[in-house]
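Below is one structure, written out as structure tokens, with a few remarks after it.
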Amino acid sequence: MIDYHAHYRAVIARQRKWSLLVSGILLLVFGAATLAKDAPVLAAFGCMIIVAAAALIYEMKTRRYTVRLRLLDSEFPPEWRLYLADRSVYFSGLSKDERRVFEQRVLFFLAEVRIDGVDTEADDKIKLLVAASAIIPTFAFPYFEYPNLRTVLVYPDTFNERFETDAPDPDENHSSGMVGTGYMNYTVLLSRRDLMAAFSGVKNRKNVGIHEFVHLLDKADGSIDGVPEILMDRGSAPAWLELIAKEMKEIERGRSDFDEYALTDEAEFFAVACEYYFNNPDRFRENHAALYDAFCAVFRQSPARGE
């Protein structure tokens with residue numbers, strides 16, 4: 001089992017040693033330089049600033065981890081555990097130790113990512129499902145941090161490109177989720193209705209939460225292109241893209257059970273396939289054995305039963 005206590009204490013200890021080392025060197029250099037100029041008052045004042053700056057930087061660098069250590073000593077609400085077990089097929093399939101790690105990561109996520117409702121309430125249940133959506137694809141990477149996420153906005157229903165839920169044009173495209181760009185960068189947008197439907201406690205091939213957080217993983221290397229380089233071994237991209245292209249041809253020929261939205265491009269194929277892979281892994285493995293093995297290698301987990 002992952003020992004977050006030991007890990008974060010070690011991180012804090014390393015930062016403390018580094019801060020002491022750097023501030024000590026600066027104090028020696030600055031003190032020697034100012035005293036050589038016979039400026040004891042300046043030396044004292046400068047040393048005070050160096051010490052204060054070092055303490056501030058140390059606090060900023062370790063704040064997240066000190067908060068996490070406090071969270072590790074708090075109890076995960078039993079009603080949250082029951083809700084996740086009831087709604088998430090993935091969570092319900094974890095062992096007791098794995099559930100404990102998952103719950104710890106939920107606490108970390110909820111403490112560090114802002115989740116707001118837009119014309120709807122972002123209650124504890126919705127927040128739990130958002131956190132689960134983010135953790136499921138990265139569960140095998142216990143110390144993973146989304147580098148491009150600060151806020152999740154939850155809309156009551158689907159929304160258009162102007163983020164309106166009631167579009168005047170009935171032919172206008174609506175989205176269930178979106179990874180923000182431009183001024184909406186570092187933001188994920190989700191439909192409450194579709195997120196609730198995704199976590200129904202029943203195996204299916206759709207999950208808007210997983211879909212959008214997989215896009216966010218894909219985006220971490222600078223582009224959403226269906227190649228999550230942040231998780232993959234170097235040099236594996238060509239074989240990965242070849243496998244995707246092969247399956248996309250099967251969809252075009254009507255010989256695949258993937259949603260046709262996967263044909264949009266490689267990025268959408270990857271996200272659609274991940275919904276299927278995590279929400280109904282047994283069926284995914286049965287129908288797409290080569291893809292299943294490739295996804296297991298990327299995500300370093302095998303969610304199908306019995307593995």
- Task: Let me see the working for S223 and D225 under side-chain hydrogen bond (donor to acceptor under 3.5 Å, both in side chains), right down to the final yes or no.
- Result: CA-CA 6 Å; S223 61; D225 55 5; 3.2 Å; yes
- Query: Any donor and acceptor pair, going by atom type alone, linking the side chain of R105 with main-chain N or O of Y143 inside 3.5 Å?
  - Reply: no
- Could you tell me the separation between the CG atom of L153 and the OG atom of S191, rounded to the nearest 0.5 Å? 13.0 Å
- Close side-chain approach of S19 and Q15, heavy atoms under 4.5 Å: yes
- Task: Could you check if a side-chain atom of Y277 sits within less than 4.5 angstrom of a side-chain atom of V214, using non-hydrogen atoms only?
- Result: no
- Message: Going by side chain to side chain contact (heavy atoms under 4.5 Å, CB included), T187 matches just one of T151, N148, T181. Which one?
- Response: T151
- Item | Euclidean distance, S176 OG relative to D157 CG, rounded to 0.5 Å | 8.0 Å
- Query: Under 6.0 Å between the ring centres of Y276 and H288?
  - Reply: yes
- Message: Just verifying a value: how many Å separate N280 CG and N204 CG, rounded to the nearest 0.5 Å?
- Response: 7.5 Å
- Enclosure of E260 CD (heavy-atom neighbours >12, cutoff 6.0 Å): no
- Is the shortest side-chain N to carboxylate O distance from E242 to K246 below 4.0 Å? no
- Message: Walk me through whether R285 and S302 qualify under side-chain hydrogen bond (donor to acceptor under 3.5 Å, both in side chains).
- Response: CA-CA 10 Å; R285 182 178 59 180; S302 182; 5.3 Å; no
- Should Y65 and L20 be counted in the same cluster of Ile, Leu, Val, Met, Phe, Trp and Tyr side chains packed under 4.5 Å apart? no
- Query: Looking only at atom types and distance, does a side-chain atom of D218 sit under 3.5 Å from a main-chain N or O of G226, one as donor and one as acceptor?
  - Reply: yes
- Task: Could you tell me whether R192 and D119 make a salt bridge, using a distance below 4.0 angstrom between a side-chain N and a carboxylate O?
- Result: no
- Message: Classify the ring geometry of F139 against F102: parallel below 30°, tilted from 30° to 60°, perpendicular beyond 60°.
- Response: tilted
- Task: Mark yes or no for whether D265, through its side chain, and L263, through its backbone, hold a donor-acceptor pair below 3.5 Å.
- Result: no
- Query: Looking only at atom types and distance, does a side-chain atom of T120 sit under 3.5 Å from a main-chain N or O of G117, one as donor and one as acceptor?
  - Reply: no
- Message: Are the side chains of I135 and F213 in contact, using a 4.5 Å heavy-atom criterion?
- Response: no
- Message: If hydrophobic clusters are built from ILVMFWY residues whose side chains come within less than 4.5 Å, do F109 and Y90 share one?
- Response: yes
- To the nearest 0.5 angstrom, please state how far the CG atom of L190 sits from the CZ atom of R193. 13.0 Å
- Item | 4.5 Å side-chain heavy-atom contact, S175 and T158 | no
- Task: Show your reasoning for whether side-chain hydrogen bond (donor to acceptor under 3.5 Å, both in side chains) applies to E212 and S133.
- Result: CA-CA 8 Å; E212 296 307 326; S133 301; over 6 Å; no
- Message: Are F144 and Y146 an aromatic pair, judged by ring center distance below 6.0 Å?
- Response: yes
- Query: Does the T138 side chain pair with the main chain of F141, one donor and one acceptor, at a distance under 3.5 Å?
  - Reply: no
- Hey, any chance L216 and I126 share a hydrophobic cluster, counting ILVMFWY side chains that come within less than 4.5 Å of each other, even indirectly? yes
- Item | R114 bridged to D116 by N-O distance under 4.0 Å | yes
- With a 4.5 Å heavy-atom cut-off, do Q104 and I2 have their side chains touching? no
- Message: Determine whether a donor-acceptor pair (N or O, by modelled atom type, separation under 3.5 Å) exists between the side chain of R87 and the backbone of M196.
- Response: yes
- Taking S95 for its side chain and E98 for its backbone only, find out whether a donor-acceptor pair lies under 3.5 Å. yes
- Note on the structure: Minimal heavy-atom distance between W240 and P228, with the atoms involved, is NE1-CD, 4.0 Å
- Item | E252 with K249: basic N within carboxylate O range, under 4.0 Å | no
- Please examine the side chains of R205 and R283, heavy atoms only from C-beta on, and report whether any two atoms are closer than 4.5 Å. no
- Query: Can you tell which of V188, L110, L195, V106 makes a side chain to side chain contact (heavy atoms under 4.5 Å, CB included) with V130?
  - Reply: L195
- Does the ring centre of F278 sit less than 6.0 Å away from the ring centre of F284? no
- Task: For residues C296 and Q301, determine if any side-chain heavy atom of one lies less than 4.5 Å from a side-chain heavy atom of the other.
- Result: no
- Message: I'd like to know if V113 and V101 are part of one continuous hydrophobic network [Ile/Leu/Val/Met/Phe/Trp/Tyr, side-chain heavy atoms within less than 4.5 Å].
- Response: yes
Could you list the donor-acceptor pairs under 3.5 angstrom formed between side-chain atoms of residues 68-76 and any protein atom two or more places apart in sequence or on another chain?
unit_1: R68; atom_1: NE; unit_2: E112; atom_2: OE2; d: 2.7
unit_1: R68; atom_1: NH1; unit_2: Y8; atom_2: OH; d: 2.5
unit_1: R68; atom_1: NH1; unit_2: E145; atom_2: OE2; d: 3.0
unit_1: R68; atom_1: NH2; unit_2: E112; atom_2: OE1; d: 2.8
unit_1: R68; atom_1: NH2; unit_2: E112; atom_2: OE2; d: 3.3
unit_1: R68; atom_1: NH2; unit_2: E145; atom_2: OE1; d: 3.0
unit_1: R68; atom_1: NH2; unit_2: E145; atom_2: OE2; d: 3.1
unit_1: D73; atom_1: OD1; unit_2: H5; atom_2: NE2; d: 3.0
unit_1: S74; atom_1: OG; unit_2: L71; atom_2: O; d: 2.5

- Would a 4.5 Å heavy-atom cut-off, applied to side chains only, mark D124 and Y83 as touching? no
- Query: Just by distance, do the side chain of S236 and the backbone of M232 share a donor-acceptor pair under 3.5 Å?
  - Reply: no
- Query: Under 4.5 Å between side-chain heavy atoms, hopping through other hydrophobics if needed: is there a path connecting Y186 to L149?
  - Reply: no
- Note on the structure: side chain to side chain contact (heavy atoms under 4.5 Å, CB included) filter on D259, not counting sequence neighbours, yields K206, Y261, V272
